[in-house]
Amino acid sequence: MLDQTYPRNLRLLNSRDFRHVFDQTQWKVFCPGFLLLAAPGRTTETRIGFVFSKKNIRLAVRRNRFKRIFRDSFRRHHHQLPPVDILVLAIKEANLTNDQKLSKNLSRVWKQLNQRIGSDPI
RNA sequence: AAAGUCGGCUGGACAGUCGCUGCCGCUUCGGCGGGGGAGGAAAGUCCGGGCUCCGCAGGACAGAGUGCCAGGUAAUGCCUGGGGGACGUGAGUCUACGGAAAGUGCCGCAGAAAACAAACCGCCGAUGGCUGGCCUCUUCGGAUGUCAGAUCAGGUAAGGGUGAAAAGGUGCGGUAAGAGCGCACCGCACGGGUGGUAACACGCCGUGGCAGGGUAAACCCCACUCGGAGCAAGACCAAAUAGGAACCCUGAGGCGUGGUCCGCGCUGGGUUCGGGUAGGUUGCUUGAGCCUUGGAGUAAUUCAGGGCCUAGAGGAAUGACUGUUCACGACAGAACCCGGCUUACAGGCCGGCUUUCGCU
């Protein structure tokens, strides 16, 4: 049975975690509307965090929705990924995408991230 | 039935699988099970409170807000009822609704004139003058009277015309023509009376021929209200590092220089305490609460009895997928909590009332 849960230790929890990813960014992956930054993990787990500003996604409903789609996809795929810390940034084009497009893109995104890490190891 | 108007409700449903989260129970501390988990606007943050801290807010000035009356409320700029005004056949809707007789500013175009009024066209020309006819008188120059004409002085504001607005309207009298000039009725102002808690109303009485443009969401004047900051408020626990205080120990110590000693240079260790950063706990959901029955009140609301506990996260949960189904699903996500207002909103449902038409 694959581990598809999403407990607390798979999330970036405080500003130190976030600062770490920003300062130590080693891999980047684009996804329409979003930019993923990744850095070597500070723990033995693969972790994820979000920076969605009101400036880029105006409605709170849409911000929540995108996070949930990301989180759900992440909990299904995180077992494929090495222990890195991932940060998802929303950019202005996030307004142009929608739920279906995003969830479609995501399985490709994880694969792409895995390749980047494989070709440029820690 | 159609059109309209006012008010209220609702905001896909069901099942399965995989997740998240706080609560309860069990636990071999790995987890397992159970039952909770966004809104009518959670939104804008525009008002009013509770709560917390600063503080103790007395006066003056400034500033902001409110502005018909009564009631409701913890409170309000909100709500309910009432009054005035405007709109609509009507149900109803709208109303920032104190003061223009304290002062200042502004008022396009048109028009003769836009404010201690004035007089373009028009009307009149009684009165004073001018010209002519006639009567009477005559000192033969004229004088008096009367009639007519022109309209010089002048009178007038009814009519025309301009405008949103030009010193109230209609009628009769009056006059040279006119005019509140006089009178009647309507309107207006003031005083009184009656009704109403009051705003205010009156087919009531009296007095006065009669207020003198608009604009105060322009300045302003008047009356009333307002201490400041906000849950990142505030309270508690508290590493590591640096620094501080007190006490104790050492000062023949330790480190450096040096081959070693002397010498020279620099100062240490321990315990406790308070402040306090990261971080954690709390504030954090039982409340001006919801449902229901009955009473008071036109209503807002309130009183009494019974029942219920209904999100509480924290880089921030409430989601994803699959199937069935229907009217194919709008606006939109809690962040200390309430009461309002405002704005957004696919559909659907219910009720009151009005107008028109049809039937009995």
Side-chain angles (χ1 to χ4, degrees):
Chain A
M1 190 73 192
L2 286 172
D3 178 19
Q4 293 197 337
T5 62
Y6 179 60
R8 265 187 108 56
N9 56 356
L10 299 189
R11 308 176 199 181
L12 302 184
L13 288 178
N14 52 47
S15 57
R16 234 184 333 230
D17 292 337
F18 280 78
R19 184 140 299 285
H20 165 72
V21 182
F22 274 120
D23 293 345
Q24 309 288 324
T25 304
Q26 195 168 345
W27 309 281
K28 292 182 184 179
V29 175
F30 282 98
C31 165
F34 303 91
L35 170 62
L36 280 76
L37 306 179
R42 301 179 78 229
T43 67
T44 56
E45 305 288 349
T46 313
R47 303 192 300 168
I48 193 165
F50 304 93
V51 178
F52 290 2
S53 76
K54 204 169 179 177
K55 203 172 161 189
N56 292 323
I57 307 175
R58 202 177 56 79
L59 293 180
V61 171
R62 305 259 295 156
R63 288 197 295 278
N64 285 336
R65 190 125 205 89
F66 287 143
K67 281 186 200 173
R68 284 163 184 164
I69 290 167
F70 263 101
R71 270 199 289 263
D72 191 66
S73 180
F74 176 74
R75 83 175 170 84
R76 291 175 190 283
H77 294 95
H78 71 83
H79 64 273
Q80 309 171 352
L81 295 165
V84 294
D85 287 348
I86 303 167
L87 191 55
V88 183
L89 301 176
I91 57 179
K92 275 198 178 140
E93 287 71 30
N95 288 311
L96 302 174
T97 191
N98 59 39
D99 302 358
Q100 286 80 25
K101 281 190 201 164
L102 180 60
S103 48
K104 226 176 180 179
N105 286 331
L106 282 180
S107 53
R108 185 181 54 76
V109 166
W110 305 127
K111 236 177 264 175
Q112 215 170 349
L113 178 62
N114 226 347
Q115 282 173 8
R116 296 273 161 87
I117 296 171
S119 64
D120 179 21
I122 302 166

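Lettering of chains follows the sequences in order, A, B, ..., and the numbering in each one begins at 1.
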Point to revise | Polar side-chain atom of A:Arg47 near backbone of A:Ile86 as donor-acceptor pair, under 3.5 Å | key: no

Between the protein and nucleotides 328-335 of chain B, are there any N/O to N/O pairs under 3.5 Å, and if so, what are the atom names and distances?
residue : atom : partner : partner atom : Å
B:G333  : OP2  : A:Ala60 : N            : 3.3
B:G333  : OP2  : A:Val61 : N            : 3.3
B:G333  : N7   : A:Asn64 : ND2          : 3.3
B:G333  : O6   : A:Arg68 : NH1          : 3.0

Exercise for review: Report yes if at least one side-chain N or O of A:Arg71 is closer than 4.0 Å to OP1 or OP2 of B:A317; otherwise report no.
Suggested key: yes

Check your understanding: Using the glycosidic torsion, which applies to B:G141: syn (within 90° of 0) or anti (everything else)?
Key -> syn

Between protein and nucleotides 311-313 of chain B, what N or O pairs are separated by less than 3.5 Å?
none

Practice item. Look only at the side chain of A:Asn114 and the backbone of A:Gln80, and say whether a donor-acceptor pair between them is shorter than 3.5 Å. Key: yes

Check your understanding: Atom CZ of A:Phe74 and atom P of B:G19: how far apart are they, to the nearest Å?
Key -> 15 Å

Exercise for review: Between A:Val51 and A:Asp72, just flag the one whose closest nucleotide in RNA chain B comes earlier from the 5' side.
Suggested key: A:Val51

**Study point:** Syn or anti for B:U310 (syn when the glycosidic angle lies within 90° of 0)
**Key:** syn

Under 3.5 Å, side-chain donor or acceptor atoms of residues 100-107 of chain A against the rest of the protein: list the pairs with distances, not counting sequence neighbours.
residue  : atom : partner  : partner atom : Å
A:Ser103 : OG   : A:Asp99  : O            : 3.1
A:Ser103 : OG   : A:Gln100 : O            : 3.1
A:Asn105 : ND2  : A:Lys101 : O            : 3.2

Check your understanding: Considering heavy-atom distances to RNA chain B, does A:Ile69 or A:Arg11 have its closest nucleotide positioned more toward the 5' end?
Key -> A:Arg11

Check your understanding: What is the base-pairing partner of B:C247, counting Watson-Crick and G-U wobble geometry with both distances under 3.5 Å?
Key -> B:G270

Check your understanding: Ring stacking, A:Phe18 with base of B:G315, under 5.5 Å and under 30°?
Key -> yes

Exercise for review: Give me the ring orientation class for A:Phe52 and A:Phe34: parallel if the planes are under 30° apart, tilted from 30 to 60°, perpendicular past 60°.
Suggested key: tilted

Practice item. Both distances under 3.5 Å, Watson-Crick or G-U wobble: report the partner of B:A148, or none. Key: B:U131

Check your understanding: Where does B:A38 fall, syn or anti, if syn means a chi angle no more than 90° from 0?
Key -> syn

Exercise for review: Nearest whole angstrom, please: distance from the P of B:U318 to the NZ of A:Lys67.
Suggested key: 10 Å

Check your understanding: Do A:Arg68 and A:Asp72 meet the salt-bridge criterion of a basic N to acidic O distance under 4.0 Å?
Key -> no

Exercise for review: Report yes or no: does A:His77 contribute a side-chain atom to a donor-acceptor pair with the main-chain N or O of A:Ser73 at less than 3.5 Å?
Suggested key: yes

Review point. Would A:Leu10 end up clustered with A:Phe66 when hydrophobic side chains under 4.5 Å apart are linked, directly or stepwise?
Key: yes

Check your understanding: Quick one: do A:Phe70 and A:Leu35 end up in the same hydrophobic cluster if we chain Ile, Leu, Val, Met, Phe, Trp and Tyr together by side-chain heavy atoms under 4.5 Å apart?
Key -> no

Review point. How would you label the glycosidic angle of B:G40: syn (within 90° of 0) or anti?
Key: syn

Check your understanding: With syn defined as a glycosidic torsion within 90 degrees of 0 and anti otherwise, which applies to B:U285?
Key -> syn

